[in-house]
Protein chains: 2
Amino acid sequence: MESEESRGQSATPLWRPGRRRRAPAYDIKREAVIATAARLFQEKGYRNTTLNDIAAALNVTKPTIYYYVQNKDEILAECRARVWGGITKVIQAASDSRKNGREKVELFVRSYAEAISTDYGKCLVMTVRDVGGAEAELRKYRQGLREATHVLRDIVAEGIRDGSIAPCDPRMAAFAMYGALNWITYWYDPDGPSNPSEIGEEFVRLFRTGLKPRLER
Amino acid sequence: MESEESRGQSATPLWRPGRRRRAPAYDIKREAVIATAARLFQEKGYRNTTLNDIAAALNVTKPTIYYYVQNKDEILAECRARVWGGITKVIQAASDSRKNGREKVELFVRSYAEAISTDYGKCLVMTVRDVGGAEAELRKYRQGLREATHVLRDIVAEGIRDGSIAPCDPRMAAFAMYGALNWITYWYDPDGPSNPSEIGEEFVRLFRTGLKPRLER
DNA sequence: GGAATTGGACCGTCCGGTCGTTAGAATCCA
DNA sequence: TGGATTCTAACGACCGGACGGTCCAATTCC
């Protein structure tokens, strides 16, 4: 199989390159497989969701899944990749922007809240703790989340230096905010009363001024 | 076999009942099984930890585990029960105390941080999301955590009424703080630089006054 | 008509759980 | 006191079911 493919790519193409061999619905169907799997993973966990579950939810049988995907791990990898793109953008945007530290933090909070509030986000947070998928992949995402916390910590520290944030332990502040954000995946319900942007906004307010009433005017 | 036993129980007991031979190490060993399992569950997840893993960590074989425990689910149940006691005490203490709303919140944060920072705590948080153990048990603890959030929300609302907390959305504030607390289980390392009580203290400070510098004196 | 799709049946493995057995310590009794 | 008895604690081997994954034939559709 491997040699066939590489031969096809190099000298005498067994299959003409430009010739579309798959129906246009292929990509859509593949996407449906991944989206459905993400929903189930997020509801029941990776290990507790069988390929038959996914197939049943799509009204097909297991071999059909395998027509669109190599194996179960690949499905999870796709789910994670989908949310990870959003998260790296959040990190980039927050750290590159020309703002003071506190504004960067608030941008981070707002946009992370939106990025994580999806089935893919729930899926990532869930499977990064409990094992899921290949070991190397898992480590990559664990490392990724850790780096996200570090970025948050660093922009908190920046805010302390530039005076926009009151002196505190940047590491703890980052952990607290990051935890609040990731925990959204445990309770957020798309059909519930508040949407991700409102959640982010309310979190920003809390982290900015705290619970205690301010006397200042 | 049955008739022998019933005969033995009724008229002339062939074996005196109640004559329990002592097994002093039994309880200790059972505890070791549960503690070891908790450590492994917390590291690798419930489903990803096999009974052979637990046995190997104790230098015994699988049937030995079954000498101390009915089945795998029971181990998880024991782990959860061990942390749940602490959590209910936190809830009780926080809501019953004669303090204003904000002080109650701060008590909750401090003591919850300590209660959750154990292998058992990590185990609970981990397995309450992904499935683990009997379905009914799982629902019970999910419900329990939800109630904990509600208590937190209610004492925030109380604080708003008594003026110790600035007006805000109590539900969101509760979710944020509760998330920060539960997320401790994702990153806390007993060998790390800060202990649970310091973590709780720093969280309290953040939630009380927020990041923004206060001008008031 | 041939490639794109799909399903029925099947395989191998892993894992929770069980069975029968046993070494040896503790206890009992002649 | 020493042999017979009984119980603890542990193990090796095995079972059955679930689940990821595969084969191949059937079917559908451009």
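In what follows, chains carry the letters A, B, and so on, assigned in the order in which the sequence lines appear, proteins first and then strands, with residues in each chain numbered from 1.
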For this session: Verify the contact: side-chain N or O of A/Thr64 to OP1 or OP2 of C/dG7, cut-off strictly under 4.0 Å; return yes or no.
Result: yes
Exercise. Over how many whole Å does the gap from A/Arg30 atom CZ to C/dA4 atom P extend?
Worked result: 17 Å
For this session: At under 4.0 Å between heavy atoms, which parts of nucleotides 21-30 of chain D does protein reach? Answer with one letter per nucleotide, 5' to 3': B base, S sugar-phosphate only, - none.
Result: BBB-------
Exercise. Do A/Arg205 and A/Glu201 meet the salt-bridge criterion of a basic N to acidic O distance under 4.0 Å?
Worked result: no
Exercise. Using a cut-off of less than 4.0 Å, is there contact between a side-chain N or O of B/Tyr67 and OP1 or OP2 of D/dA9?
Worked result: yes
Problem set entry | Distance in angstrom units between A/Ile65 CD1 and D/dC19 P, rounded | 15 Å
Seminar exercise, completed: Regarding the side chain of B/Lys29, the nearest nucleotide among C/dG16, D/dA10, D/dC11 is D/dA10
Exercise. Are B/Lys89 and B/Glu114 ion-paired here, with the side-chain N under 4.0 Å from a carboxylate O?
Worked result: no
For this session: To the nearest Å, give me how far apart OH (B/Tyr26) and C1' (C/dA25) are.
Result: 18 Å
Exercise. Between B/Ile34 and B/Arg82, is a side chain to side chain contact (heavy atoms under 4.5 Å, CB included) present by the stated rule, with each step listed?
Worked result: CA-CA 10 Å; B/Ile34 293 162; B/Arg82 270 160 185 68; 3.8 Å; yes
For this session: Look at all strands and tell whether A/Thr50 reaches a base, only sugar-phosphate, or nothing, counting heavy atoms closer than 4.0 Å.
Result: sugar-phosphate
Exercise. Just how far, in rounded Å, is P of D/dA9 from CD1 of B/Ile28?
Worked result: 11 Å
Seminar exercise, completed: OG (A/Ser111) and CD (A/Glu106) are apart, to the nearest 0.5 Å, by 11.5 Å
Let me have the donor-acceptor pairs involving side chains of residues 179-186 of chain B, under 3.5 Å, with sequence neighbours excluded, atom names and distances please.
unit_1   : atom_1 : unit_2   : atom_2 : d
B/Asn182 : ND2    : B/Tyr112 : OH     : 2.9
B/Thr185 : OG1    : B/Asn182 : O      : 2.6
B/Tyr186 : OH     : A/Tyr186 : OH     : 2.8

For this session: Check whether the side chains of A/Arg146 and A/Gln143 place a donor and an acceptor atom closer than 3.5 Å, and report yes or no.
Result: yes
Exercise. In whole Å, what is the span from the CG atom of B/Asp27 to the C1' atom of D/dA9?
Worked result: 15 Å
